[in-house]
Amino acid sequence: MNVRPLLAVWAGLMALLALTVGASFLPLGATMPLVSYTIAAAKAALVLWFFMEMRGDSGVQRIALGAAFFALTLLFIMLASDNVTRGFGENLGV
């Protein structure tokens, strides 16, 4: 097994981690979740593609991964819409 690509991916993950920490100190306002989710998606893609070796899997396994990702995305969208449509005091039990 060639270790060099894995070390490059690890270095990329560490750079994305530093980017996440750096972004947490910036006053991004409402765009902060978008930035955080984009960085997290990039990290997840690197882990899936290289460490879990999805690049060598068949098409059916990639379709299953895509379906799972779509279902998770749908759940996050429903969670976000639920939080947006409720009042702030209702979420706190006030």
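Numbers for residues simply follow the sequence, beginning at 1. Note that the structure is a prediction, hence the values are computed from the model and not measured.
The line from CD1 of Ile77 to CG of Asp82 is 13.5 Å long, rounded to the nearest 0.5 Å. Taking CG of Leu19 as the reference point, atom CE of Met14 lies at 13.0 Å (rounded to 0.5 Å).
Both Leu16 and Met52 are part of a single hydrophobic cluster, where members link through side-chain heavy atoms under 4.5 Å apart. When the side chains of ILVMFWY residues are joined at heavy-atom separations under 4.5 Å, either directly or via intervening members, Val60 and Phe70 end up in two distinct hydrophobic clusters. A single hydrophobic cluster is not seen to contain both Phe69 and Leu48; linkage of ILVMFWY side chains at heavy-atom distances under 4.5 Å, directly or through other members, places them apart.
Contact record, Ala23 with Val35: CB-CG1, 4.2 Å, taken as the closest heavy-atom pair. Considering every non-hydrogen atom in both Val21 and Ser24, the closest pair reads O-OG, 2.6 Å. Contact record, Gln61 with Met54: O-CE, 3.8 Å, taken as the closest heavy-atom pair. The minimum heavy-atom distance between Phe51 and Trp10, with the atom names listed, is CZ-N, 4.5 Å.
As a member of the Ile/Leu/Val/Met/Phe/Trp/Tyr network built from side-chain separations under 4.5 Å, Leu75 groups with Leu74, Met78.
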Taking only distance into account, with no hydrogens and no angle test, what donor-acceptor pairs under 3.5 Å do side-chain atoms of residues 36-45 form with protein atoms, sequence neighbours excluded?
residue, atom, partner, partner atom, Å
Ser36, OG, Met32, O, 3.0
Thr38, OG1, Leu34, O, 2.7
Lys43, NZ, Thr20, OG1, 3.2

- Item | Derivation of the side-chain contact (heavy atoms from CB on, under 4.5 Å) call for Val9 and Val47 | CA-CA 8 Å; Val9 172; Val47 168; over 6 Å; no
